[in-house]
Amino acid sequence: MFNKQYYEGYEGEGEIRIWYDEKQDENGMVIWIGFWETILEGCYTPDYQKNGIVECYFNHDGFYDDKWEMKFLDVVLEELNIFNEKGLDTVDKKIIDESKEIIKKLRCFINMAKKNKRTVYIEYN
């Protein structure tokens, strides 16, 4: 089942889906593109790692093109850990606070998937 908490109120706008498959049931979350871009902007560094979500964001490929497998979960977790709100374009406190909350939930979700040896996917719709 998909948690759509971070997409409610933004229906019809861009969304990011992050999930893993478990016995044909999908477990994951749907995130409004505004939160997602805030997260990636805050995680961006010119020395971004290959095979992570920041590389996809910078090159505008990977999950932007199609369903994309997060093969290197440790890279993604490292990227999420370096989130820094000081470099963000937005000053909207609500968006920043919700983005931080999403990061915490994403880290838990990815760690759980990693622990249970699940394959994590991400896709932009």
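Interatomic distance, CD of Gln49 versus CD1 of Ile82, reported as 8.0 Å (0.5 Å rounding). Put simply, CD1 on Ile39 and CD on Glu98 are 10.0 Å apart, with the number rounded to the nearest 0.5 Å. The CD atom of Gln5 lies 8.0 Å from the CD1 atom of Ile102; values are rounded to the nearest 0.5 Å. One distance of note links CD1 of Ile110 with CE of Met70; it measures 4.5 Å at 0.5 Å rounding. For the atom pair CG (Asp92) and OG1 (Thr38), the distance works out to 8.5 Å, reported to the nearest 0.5 Å. Asn3 CG to Asn27 CG: the interatomic distance, rounded to the nearest 0.5 Å, is 11.0 Å.
Residue Thr90 comes nearest to Ile96 through the heavy atom pair O-CD1, 3.8 Å, listed as atom of the first residue, atom of the second, then distance. Listed here is the closest heavy atom pair of Tyr20 and Val120: CB-CA, 4.3 Å. When all heavy atoms of Glu41 and Asp89 are compared, the closest pair comes out as OE2-N, 2.7 Å.
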Before giving the answer on ring pair (Phe, Tyr, Trp, His ring centres under 6.0 Å), spell out for Trp19 and Tyr121 the whole-Å C-alpha distance, their side-chain angles and the decisive distance to 0.1 Å. CA-CA 5 Å; Trp19 76 96; Tyr121 298 97; 5.6 Å; yes
So Asn111 and Leu73, side chain to side chain contact (heavy atoms under 4.5 Å, CB included) or not? Walk me through it. CA-CA 8 Å; Asn111 277 317; Leu73 298 178; over 6 Å; no
The test is side chain to side chain contact (heavy atoms under 4.5 Å, CB included); show your working for Leu88 and Phe83 and say whether it passes. CA-CA 10 Å; Leu88 297 176; Phe83 178 83; 4.0 Å; yes
Would you please test Glu11 and Lys4 for salt bridge (charged side-chain N to carboxylate O under 4.0 Å, His left out) and show each step? CA-CA 10 Å; Glu11 291 83 356; Lys4 296 183 179 183; over 6 Å; no
Please walk me through it: do Phe63 and Tyr124 pass ring pair (Phe, Tyr, Trp, His ring centres under 6.0 Å)? CA-CA 6 Å; Phe63 57 82; Tyr124 171 73; 7.9 Å; no
Checking Trp32 against Tyr6 for the side chain to side chain contact (heavy atoms under 4.5 Å, CB included) test, could you report, in this order, the C-alpha distance in whole Å, the side-chain angles of both residues, the deciding distance, and whether it holds? CA-CA 6 Å; Trp32 172 55; Tyr6 300 106; 5.9 Å; no
Does the pair Trp36 and Ile53 meet the rule for a side chain to side chain contact (heavy atoms under 4.5 Å, CB included), with working shown? CA-CA 11 Å; Trp36 184 247; Ile53 55 175; 3.9 Å; yes
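Salt-bridge annotation for Lys50 and Glu55: present, with a side-chain N of the basic residue lying under 4.0 Å from a carboxylate O of the acidic one. Ion pairing of Glu15 with Arg17 is present here, as a side-chain N (NZ or NE/NH1/NH2) and a carboxylate O approach within less than 4.0 Å.
Grouping the Ile, Leu, Val, Met, Phe, Trp and Tyr side chains by contacts below 4.5 angstrom, directly or via other members, places Tyr64 with Ile18. Linking Ile, Leu, Val, Met, Phe, Trp and Tyr whenever their side-chain heavy atoms come within less than 4.5 Å leaves Val54 and Val75 in two separate clusters. In this structure, Tyr57 is not a member of the same hydrophobic cluster as Phe72, with clusters built from ILVMFWY side-chain heavy atoms closer than 4.5 Å. Clustering ILVMFWY residues whenever any of their side-chain heavy atoms sit less than 4.5 angstrom apart, transitively, puts Ile122 in the very cluster that holds Phe2.
Between Tyr44 and Glu79, the side chains place no donor N or O within less than 3.5 Å of an acceptor N or O (distance only, hydrogens not considered). Between the side chains of Arg107 and Asn81, at least one donor N or O sits under 3.5 Å from an acceptor N or O. No donor-acceptor contact under 3.5 angstrom links the side chains of Glu123 and Trp68, judged on distance only.
Side chain of Asn116 to backbone of Arg118: no donor-acceptor contact under 3.5 angstrom is found. Counting only distance, with no hydrogens or angles, the side chain of Asn59 and the backbone of Asp61 share no donor-acceptor pair below 3.5 Å.
Classified by interplanar angle (parallel below 30°, tilted 30° to 60°, perpendicular above 60°), the ring pair Phe35/Tyr10 is perpendicular.
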